[in-house]
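Report on the following structure.
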Amino acid sequence: MDDVNLADLAEDVAPRLLGAILTHETPEGTVSVAITETEAYSGAADPASHAYRGRTARNAVMFGPAGHLYVYRSHGLHWCANIVTGTDGIASAVLIRAGRVLEGEDLARARRGDKVEGPRLARGPGNLCRALGITAEQNGTDVLTGAQVKLSEGEPVAPALIRSGPRVGVSRAHDWQHRFYIAKDPTVSAYRLSPRAEPPTGA
């Protein structure tokens with residue numbers, strides 16, 4: 001990952017992760033996805049971040065070091081995976097929202113369901129983790145040197161194809177333009193405003 005400096009701020013790293021490859025090797029087999037959608041979350045300055053109110057047992061991985069996987073359960077239903085960024089001791093992470101399956105499609109489909117179409121196998125952060133087989137067991141994994149979950153370089157994404165917009169499904173700071181995705185890629189999830197969304201920041 002020479003082309004992505006994970007020590008930078010989450011909002012700077014998030015667009016650079018587009019096109020990178022996330023791979024999980026398990027006893028069942030290997031699944032790899034090319035990242036097509038991300039979201040940046042900071043710490044104390046970001047009301048939508050898990051680290052907004054400080055360090056806890058749950059979010060401790062988010063405080064560094066960079067390059068580790070922060071995995072949490074969303075709404076008690078789905079696992080979501082983040083790649084920790086920034087300076088050690090200061091919370092910062094990029095949520096991996098969607099990807100295109102490059103390897104292990106049969107295994108990803110077995111995990112997601114036989115009737116799920118290819119572009120939807122890893123569309124959305126919960127579906128992505130299910131397709132990859134990522135759970136709480138991978139929380140804290142070093143994706144730069146780890147033997148099971150790895151982050152590696154992929155095909156570069158042309159800057160003209162990178163889009164940004166408001167974050168999906170969060171109630172606070174949802175209007176921050178910290179969601180990044182590859183334009184017209186069928187694996188990218190649809191934008192959804194949370195029904196609990198507060199007025200836009202500064203409104």
Side-chain angles (χ1 to χ4, degrees), residues 1 4-7 10 13-14 16-43 48-51 55-86 88-113 116 120-154 168-170 180 187 189:
M1 291 300 299
V4 178
N5 182 5
L6 295 180
V13 174
R16 299 181 205 152
L17 284 175
L18 297 175
I21 298 172
L22 190 62
T23 300
H24 187 199
E25 298 179 4
T26 70
E28 299 174 288
T30 299
V31 176
S32 294
V33 304
I35 298 171
T36 59
E37 182 184 6
T38 61
E39 269 179 356
Y41 289 89
S42 303
S49 171
H50 287 177
R55 186 173 187 142
T56 65
R58 180 199 189 196
N59 66 26
V61 175
M62 196 175 173
F63 285 78
H68 287 238
L69 208 61
Y70 167 48
V71 182
Y72 68 90
R73 191 183 283 277
S74 176
H75 304 296
L77 299 172
H78 310 293
W79 296 109
C80 296
N82 303 254
I83 295 175
V84 176
T85 66
D88 195 9
I90 300 176
S92 179
V94 175
L95 172 66
I96 309 303
R97 285 200 52 85
R100 180 175 63 257
V101 177
L102 301 176
E103 179 183 357
E105 182 171 333
D106 289 345
L107 178 54
R109 193 177 301 281
R111 290 168 172 165
R112 290 276 288 114
V116 177
R120 295 176 52 220
L121 287 173
R123 179 193 292 167
N127 292 332
L128 179 137
C129 278
R130 188 176 301 170
L132 284 166
I134 290 176
T135 68
E137 292 185 10
Q138 285 70 51
N139 187 45
T141 299
D142 187 339
V143 298
L144 297 180
T145 63
Q148 294 183 333
V149 185
K150 303 175 184 177
L151 182 68
S152 56
E153 294 181 22
V168 178
V170 295
F180 301 89
T187 67
S189 60

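All values below were derived from every heavy atom in this structure, side-chain atoms included, with hydrogens, water molecules and symmetry-related copies excluded.
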Would you check if [X] and [Y] make a side-chain contact, meaning some heavy-atom pair closer than 4.5 Å?
{"X": "Arg111", "Y": "Val31", "value": "yes"}
{"X": "Val168", "Y": "Glu39", "value": "yes"}
{"X": "Gln138", "Y": "Trp79", "value": "no"}
{"X": "Leu121", "Y": "Asn127", "value": "no"}
{"X": "Tyr72", "Y": "Arg58", "value": "yes"}
{"X": "His68", "Y": "Asp142", "value": "yes"}
{"X": "Thr38", "Y": "Leu18", "value": "yes"}
{"X": "Met62", "Y": "Asn82", "value": "no"}

Just by distance, no angles: are the side chains of [X] and [Y] close enough, under 3.5 Å, to form a donor-acceptor pair?
{"X": "Thr36", "Y": "Arg100", "result": "no"}
{"X": "Gln148", "Y": "Thr141", "result": "no"}
{"X": "Ser92", "Y": "Thr85", "result": "yes"}

For the student: nearest non-hydrogen atoms of [X] and [Y], plus distance:
{"X": "Val101", "Y": "Ala108", "value": "CG2-CB, 4.4 Å"}
{"X": "Val33", "Y": "Ala122", "value": "CG1-CB, 4.3 Å"}
{"X": "Ala10", "Y": "Ala93", "value": "CB-O, 3.5 Å"}
{"X": "Val61", "Y": "Val84", "value": "O-CG2, 3.4 Å"}
{"X": "Ala51", "Y": "Ala91", "value": "CB-CB, 3.3 Å"}
{"X": "Phe63", "Y": "Asp88", "value": "O-OD1, 3.4 Å"}

**OP:** Start with the C-alpha distance between His50 and Thr56, add both sets of side-chain angles, then the distance that settles side chain to side chain contact (heavy atoms under 4.5 Å, CB included), and finish with yes or no.
**Re:** CA-CA 9 Å; His50 287 177; Thr56 65; over 6 Å; no
Original post:
Between Glu37 and Ser189, is there a donor-acceptor pair closer than 3.5 Å when you use the side chain of the first and the backbone of the second?
Top reply: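 Between the backbone of Ser189 and the side chain of Glu37 there is a qualifying donor-acceptor contact (under 3.5 Å).
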Original post:
Do the side chain of Arg73 and the main chain of Leu77 share a donor and acceptor less than 3.5 angstrom apart?
Top reply: yes
**OP:** For Leu144 and Leu6, run side chain to side chain contact (heavy atoms under 4.5 Å, CB included): C-alpha distance rounded to whole Å, both residues' side-chain angles, the deciding distance at 0.1 Å, then the answer.
**Re:** CA-CA 10 Å; Leu144 297 180; Leu6 295 180; 3.8 Å; yes
**OP:** Under the side chain to side chain contact (heavy atoms under 4.5 Å, CB included) rule, what do Ile83 and Ile96 come out as? Steps first, then yes or no, please.
**Re:** CA-CA 8 Å; Ile83 295 175; Ile96 309 303; 4.0 Å; yes
Original post:
With respect to Leu151, which candidate in Leu17, Val4, Thr23 satisfies the side-chain contact (heavy atoms from CB on, under 4.5 Å) definition?
Top reply: Leu17
Drop me the distance from [X]'s [atom1] to [Y]'s [atom2], to the nearest 0.5 angstrom.
{"X": "Glu25", "Y": "Thr30", "atom1": "CD", "atom2": "OG1", "value": "4.5 Å"}
{"X": "Arg120", "Y": "Arg112", "atom1": "CZ", "atom2": "CZ", "value": "6.5 Å"}
{"X": "Phe180", "Y": "Arg97", "atom1": "CZ", "atom2": "CZ", "value": "13.5 Å"}

Original post:
Hey, mind stepping through Leu22 and Val149 against side chain to side chain contact (heavy atoms under 4.5 Å, CB included) and telling me if it holds?
Top reply: CA-CA 7 Å; Leu22 190 62; Val149 185; 4.0 Å; yes
Subject >> More than 12 heavy atoms of other groups within 6.0 Å of Glu103 CD >> reply: yes
